[in-house]
A.B. asks: 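To start, I am sharing the structure in question, which I have written as structure tokens.
Order of appearance sets the numbers: ligands from 1, and atoms from 1 within every ligand.
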Amino acid sequence: MSAAMIWVVSPNSEVCNGLGFLDGRLKNVGRNRRVVRRVVANPSGNLAISSEQLVYDVVLKQAALVKEQMRSREDVEVKPDVVLPGTLGLLNEAYDRCGEVCAEYAKTFYLGTLLMTPERRKAIWAIYVWCRRTDELVDGPNASHITPKALDRWESRLEDLFNGRPFDMLDGALSDTVSKFPVDIQPFKDMIDGMRMDLKKSRYENFDELYLYCYYVAGTVGLMSVPIMGIAPESNVPTESVYNAALALGIANQLTNILRDVGEDARRGRVYLPQDELAQAGLSDEDIFAMKVTDKWRFFMKKQIKRARTFFDQAEEGVTQLSSASRWPVWASLLLYRQILDEIEANDYNNFTKRAYVSKQKKIVALPIAYAKSLVPPSSRKLASN
Ligand SMILES: CC(C)=CCC/C(C)=C/CC/C(C)=C/CC/C(C)=C/[C@@H]1[C@@H](COP(=O)(O)OP(=O)(O)O)[C@]1(C)CC/C=C(\C)CC/C=C(\C)CCC=C(C)C
Ligand SMILES: [Mn+2]
């Protein structure tokens, strides 16, 4: 089913010239924001709101939920521990285990977390582990046994831990985190929806469909992270624009992941690239399974990389608005992840049989650059929102 995008423009809105390649970019600013509602028309003539608009509605809700708690002071309000005798050791053990898992599976993120304050670091580890376990359900060794029912059970476990009834030790760490930071359950539920989608779907007709998938599995991580990272008290941009930037960082990371893993995914019969854009470039699934780097492929990849970079650019604007202690790790992870795109270029776009990775040396070089960037305080410049 090929979907055509059209614009529905509210009376005081700006008209954008067609969709263009960079349609994923969110537009315009703060208080004088002019609303452009995007609508997708399917071949049967039914109109639906675009993924970008649906996701922006979530962003607005998340921003509204935490606005008050986070604006009042630089450090997010960390509630004191209320611990039953004997459980503190267990909780510390749970957080330590989360740190170990993060170090084992995601060296780059782990490096970023080491630059955080201890409270935030532990919270991010707990979130990381929950995300990793969620992804493992559909990508791990038992993935072939995972049914929608199993995901329903995982979701009720999530609800339990948000209600202070964790199922196991690792859930216990997250349960503690969500009791201390103003984290909402919605992005977590949405990530589970992303896994439901992954179970059902192995092709994406257009960027609108892919965008929704990227929100579910990665944009959600940005939304989960902002309440932990905190917004700088001197920031005077709308909270939703910071959330929007966090969402953009998640989308950028996931698009980068997809571009890095084309070969690996193809070997599992999966193509996370917009089918309509492949066709426009004169390519098909068969070309991907053939795993040959041709000029058509290079041309296609250049455009995909350009789009991913646009999301990184959008995220950059938001990092500066985060609380000072959180800017360094987020800059570090942004710079390091974005370099994977440079490595794909350096590999002459062979993402079929060569894995793009950032060397240890380049990682080390990125750290002081990230630090220098983190010293820049929030400016009063308005950020892009929808
Ligand atoms: C204002 C502003 C810019 C704020 C910053 C907000 C912020 C910290 C955003 C972080 C965004 C982020 C790290 C997104 C993760 C995207 C990602 C890698 C998703 C992966 C999905 C599935 O992909 P796939 O199956 O194709 O990949 P694999 O081959 O399996 O790797 C995920 C695997 C989903 C699960 C996500 C995670 C496990 C990562 C969670 C990461 C954190 C909680 C750490 C965030 C911390 C820092 C320091 C950036
Ligand atoms: Mn995965």
A.B. asks: Got a list of side-chain donor-acceptor pairs under 3.5 Å for residues 356-366, not counting sequence neighbours?
C.D. replies:
{"from": "Ser359", "atom 1": "OG", "to": "Lys362", "atom 2": "N", "distance (Å)": "3.2"}
{"from": "Lys362", "atom 1": "NZ", "to": "Glu343", "atom 2": "OE2", "distance (Å)": "2.7"}
{"from": "Lys363", "atom 1": "NZ", "to": "Thr108", "atom 2": "OG1", "distance (Å)": "3.4"}

A.B. asks: Report every pair formed by an N or O atom of ligand 1 and a protein N or O atom separated by less than 3.5 Å, giving atom names and the distance to 0.1 Å.
C.D. replies:
{"from": "ligand 1", "atom 1": "23 (O)", "to": "Gln254", "atom 2": "OE1", "distance (Å)": "3.4"}
{"from": "ligand 1", "atom 1": "23 (O)", "to": "Gln254", "atom 2": "NE2", "distance (Å)": "3.3"}
{"from": "ligand 1", "atom 1": "25 (O)", "to": "Asp135", "atom 2": "OD1", "distance (Å)": "3.3"}
{"from": "ligand 1", "atom 1": "25 (O)", "to": "Asp139", "atom 2": "OD2", "distance (Å)": "2.8"}
{"from": "ligand 1", "atom 1": "27 (O)", "to": "Asn257", "atom 2": "ND2", "distance (Å)": "3.3"}
{"from": "ligand 1", "atom 1": "30 (O)", "to": "Asp135", "atom 2": "OD2", "distance (Å)": "2.9"}

A.B. asks: With the Mn ion (ligand 2) as the point of reference, which N/O/S atom of Asp139 is the closest?
C.D. replies: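 Going by distance to the Mn ion (ligand 2), the closest N, O or S atom in Asp139 is OD2.
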
A.B. asks: Is the centre of the Tyr110 ring less than 6.0 Å from the centre of the Tyr128 ring?
C.D. replies: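 Ring centres of Tyr128 and Tyr110 not closer than 6.0 Å.
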
A.B. asks: Checking only N/O/S atoms, does Glu136 have one that is under 2.8 Å from the Mn ion (ligand 2)?
C.D. replies: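 Coordinating: no.
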
A.B. asks: Starting from the Mn ion (ligand 2), look over the N/O/S atoms of Asp135 and name the nearest one.
C.D. replies: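 The nearest such atom is OD2.
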
A.B. asks: Among residues at least two apart in sequence or on other chains, which ones pass side-chain contact (heavy atoms from CB on, under 4.5 Å) with Phe299?
C.D. replies: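 Only Lys303 meet the side-chain contact (heavy atoms from CB on, under 4.5 Å) criterion with Phe299.
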
A.B. asks: Does Phe167 have more than 12 heavy atoms from other residues, nucleotides or ligands lying within 6.0 Å of its CZ?
C.D. replies: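 For Phe167, atom CZ is not crowded (no more than 12 foreign heavy atoms under 6.0 Å).
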
A.B. asks: With sequence neighbours left out, write down each residue that passes side-chain hydrogen bond (donor to acceptor under 3.5 Å, both in side chains) with Asp139, or none if nothing qualifies.
C.D. replies: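 Checked Asp139 against side-chain hydrogen bond (donor to acceptor under 3.5 Å, both in side chains); matches are Arg268.
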
A.B. asks: Which word best sums up how the rings of Tyr272 and Tyr213 line up, parallel for under 30°, tilted for 30 to 60°, or perpendicular for over 60°?
C.D. replies: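 Parallel.
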
A.B. asks: Do the rings of Trp130 and Trp154 sit parallel, tilted or perpendicular, given the 30° and 60° boundaries?
C.D. replies: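 Taking Trp154 first and then Trp130, their aromatic rings lie parallel (interplane angle under 30°).
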
